[in-house]
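What follows is a short report on a single structure.
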Amino acid sequence: MLAKRVIACLDVKDGRVVKGIQFLQLRDAGDPAELAAAYNREGVDEVVFLDITASSENRGLMVETVVRTARQVFIPLAVGGGIRSITDARSILTSGADKVSVNTAAVEKPELITELSEEFGSQAVVLAIDARRDGLDSNAWRVYTYGGRQSTNINAIEWAIEGEAFGAGEILLTSMDRDGTQNGFDCELTRAISRAVKIPVIASGGAGNAEHFAQVLTEGEADAALAASIFHYGSVRVADLKSHLKARGIPVRL
Amino acid sequence: MITVIDYGAGNLRSVENALRYLETPFQVTSQASDVAQASAILLPGVGHFGQMIRSLDVLGLVPVLRQALNRGLPYLGICLGMHALYERSEEAPSWPGLGLLRGTIRRFEPGLKVPHMGWNQLRIAPGSRLFQNIAAGPFVYFAHSYYLPTEEIPSSNEKNFHAAALADYGVPFVAAVEKSNIYGVQFHPEKSGELGLQMLRNFVEVSRKPSSRMPA
C-alpha cells in the first residue's frame with residue numbers, strides 16, 4: 001500500500017538555511033545539505049528546498065547546494081523558488097534533484113508546466129499553489145503569487161485542475177491562512193483540491209502537532225504533508241510523528 | 001566495473017551519486033563500443049518510453065544491448081530501464097522495446113492518482129538475489145505512470161524466471177523482475193534510502209559473480 005509521505009521543507013537563502021536548527025547535533029546547522037541528511041536519518045520521506053534568494057547572482061548557490069545534498073542524501077529532493085524556464089529546471093535536475101516546483105512563473109505562463117513535463121516527465125514537475133480563502137465563510141480560495149505578495153483573479157481549485165491538464169505531476173498546496181499559525185492544515189481546502197485532481201496533493205501550511213498531520217492525511221485527503229518550523233525547532237520529531245500516524249491507522253514508511 | 005548508459009535523459013546524476021557513495025567503479029557512456037565491452041550494465045531512467053528507445057536507437061545501442069543481455073551479461077534496469085526489457089509499452093506503442101522479456105507495459109487504470117508517486121511496500125519473492133539481506137516488506141520509492149501487470153509473469157516453471165517483487169497500487173503489479181542475470185526494478189533504489197543502496201550493493205555483487213545459470 002502506498003504510504004502517506006511526511007515532507008520536510010527548508011527555506012534556503014544565499015545557500016544557507018534561514019531558520020536554524022538546534023536539537024540535532026550538526027557541525028553546521030545552517031548548511032542545507034547537512035540538514036537534509038539529518039532529516040533523512042530521522043526518517044523523513046522527502047525533502048524540499050525552497051530558494052528564497054532575492055538576488056539573481058546568488059541563484060547559482062542553489063545548484064551547488066543540490067549537488068552536495070544529492071551526494072549524501074538518497075531520498076527524493078524537490079527544489080522550488082525562482083524556477084522560470086527549462087534551463088533553470090535543467091540545471092537543478094541535472095544537479096541531482098528529482099523534482100522542481102513552479103509557482104509564479106506557471107501562473108504567468110501555464111505552458112511552462114507543459115514544457116517542463118514534456119522535457120523531464122510529469123513526475124519531476126510540481127505545481128506549487130499558494131491559496132487564501134476569499135472571506136471567512138467562503139468556500140472559494142484565491143491564488144497568490146510572488147511568495148503571497150500578489151493576489152490574482154484565479155480560483156485555486158480551477159487552477160489545480162488546469163495545472164494537471166497542463167502536465168503537472170503533483171500539487172504542493174499551501175494555505176496562506178494557516179501558514180505560520182501552527183493551528184493545523186486547512187483540511188477543507190486540501191480536500192477540495194485533492195478531489196478535483198487525479199495527481200498527488202501535498203498539504204502545507206499550519207502544522208503544529210502530529211495530530212494535524214493525521215487530520216490532513218485523512219479528512220483532508222492529502223497524499224503527503226509538509227512542514228518546516230516544527231521540524232526545525234524539534235517540537236515535533238519525525239519518528240514520533242510517524243508512530244502517531246501509524247497508531248491512527250495511516251500507512252507510513254517506518 | 002558497472003557501465004551506466006547515458007542516453008541523454010533520466011536521473012543519471014542520482015545513480016552516479018549512489019554508485020560513488022558505494023565506492024563502486026563505474027563508467028558513464030553513450031558509446032556502443034563501450035557497451036559492447038561492458039562487464040555489467042545499468043540503464044537508469046525517468047522520462048518517456050518512446051524517447052528512451054529512440055535515443056538508444058540513434059546511439060546504436062539497441063542491437064548492442066540485445067546481444068550483451070543474450071550473452072548473460074549482468075543488467076540492471078531502473079524504472080524505464082526495466083520497461084526497456086519488454087516488447088512494448090502503452091506509453092509509446094510505435095516504439096518496440098528490446099523484447100528480451102515478454103510482455104506489455106500498461107498505464108495505470110483511470111481512477112487512480114497517477115503518477116504512482118511515493119513510498120510503497122514490496123512483497124519479495126523468496127530466492128531473489130537482488131533482495132538479499134533485505135528484511136521482508138521494505139518500502140521503496142516509486143515515481144511512474146506505467147507498470148508491468150502481474151498477468152505478464154510467466155508461469156513459475158519457466159526457466160530461471162522470478163518475479164522478484166510485487167507491490168500494490170489499485171492492482172498488484174510487478175515491482176522487480178529477475179531472469180538469469182537480468183534485473184529490472186520499477187522503483188528507484190537510488191532514491192530509496194539505505195535499503196535502496198543495499199539493493200544496488202547486491203547488484204554490484206551479482207555483477208562481480210555472475211550467475212552460472214543459462215542466459216536468458
Side-chain angles (χ1 to χ4, degrees), chain A residues 1-7 40-41 43-47 66-78 90-99 117-126 164 167-171 194-195 197-202 221-224 242 251-254, chain B residues 6 8-22 45-49 51-52 79-80 91 108-123 137-146 167-170 172 188-200:
Chain A
M1 189 175 200
L2 184 62
K4 300 281 187 178
R5 282 171 284 158
V6 171
I7 301 177
N40 176 29
R41 287 193 294 275
V44 87
D45 296 312
E46 197 164 322
V47 173
V66 170
V67 167
R68 282 190 303 114
T69 306
R71 276 185 196 146
Q72 50 180 316
V73 179
F74 297 98
I75 58 171
L77 172 65
R90 181 177 289 114
S91 68
I92 292 291
L93 293 170
T94 57
S95 302
D98 303 283
K99 309 173 186 181
S117 163
E118 283 176 356
E119 185 73 21
F120 307 110
S122 66
Q123 85 294 330
V125 185
V126 182
E164 176 182 20
E170 203 165 27
I171 287 173
S194 195
R195 286 186 178 178
V197 296
K198 279 283 181 357
I199 52 179
V201 174
I202 304 165
E221 300 179 18
D223 300 282
K242 290 229 178 146
V252 287
R253 173 181 77 115
L254 285 177
Chain B
D6 175 9
N11 53 342
L12 192 59
R13 178 64 82 96
S14 299
V15 169
E16 284 181 66
N17 282 333
L19 293 176
R20 198 167 287 130
Y21 186 85
L22 296 174
V46 285
H48 190 270
F49 184 85
Q51 274 172 5
M52 170 186 63
C79 196
L80 270 185
E91 191 172 15
F108 279 116
E109 294 302 309
L112 288 167
K113 287 197 171 188
V114 172
H116 169 230
M117 181 131 55
W119 298 79
N120 204 331
Q121 200 163 19
L122 299 181
R123 283 179 277 138
F139 278 92
V140 292
Y141 186 76
F142 290 88
H144 62 122
S145 304
Y146 295 81
D168 297 291
Y169 189 59
H188 290 276
E190 76 283 10
K191 285 289 165 183
S192 295
E194 190 48 50
L195 288 172
L197 293 173
Q198 180 60 44
M199 293 168 198
L200 290 174

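Letters A, B, ... are given to chains in the order of the sequence lines, protein chains preceding strands, and every chain is numbered from 1.
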_One pair to check against side-chain contact (heavy atoms from CB on, under 4.5 Å): A:I75 and B:W119. What are the steps and the verdict?_
CA-CA 10 Å; A:I75 58 171; B:W119 298 79; 3.7 Å; yes
*Under 4.5 Å heavy-atom distance to chain B, tell me which part of A:E118 shows up: side chain, backbone, both or neither.*
backbone
*So A:L93 and B:R13, side-chain contact (heavy atoms from CB on, under 4.5 Å) or not? Walk me through it.*
CA-CA 9 Å; A:L93 293 170; B:R13 178 64 82 96; over 6 Å; no
*Name the region of A:S95, side chain, backbone, both or neither, that has any atom closer than 4.5 Å to a heavy atom of chain B.*
backbone
*Based on non-hydrogen pairs under 4.5 Å, which of A:E164, A:E119, A:R71, A:K4 is most in contact with chain B?*
A:R71
*Taking all atoms of both residues into account, what is the closest heavy-atom pair of B:P115 and A:G169, and its distance?*
CD-O, 3.5 Å
*asked:* Among A:P76, A:G96, A:P200, A:S117, which residue has the highest count of heavy-atom pairs closer than 4.5 Å to chain B?
replied: A:P76
*Which bit of B:A167 is near chain A, if near means a heavy-atom gap under 4.5 Å: side chain, backbone, both or neither?*
neither
_Testing the basics here: between B:L197 and A:F74, what is the closest heavy-atom pair and its distance to 0.1 Å?_
CD1-CD1, 3.8 Å
_Intermediate values then yes/no, side-chain contact (heavy atoms from CB on, under 4.5 Å), B:M117 and A:E46_ = CA-CA 11 Å; B:M117 181 131 55; A:E46 197 164 322; 5.7 Å; no
*Side chain from CB out, backbone as N, CA, C, O: work out which of these in A:V201 comes under 4.5 Å of a heavy atom of chain B, or both, or neither.*
both
*asked:* Please identify, among A:Q123, A:K198, A:R253, the residue contributing the most non-hydrogen atom pairs under 4.5 Å to chain B.
replied: A:R253
*Counting only heavy atoms closer than 4.5 Å, note whether B:H188 contacts chain A via side chain, backbone, both or neither.*
neither
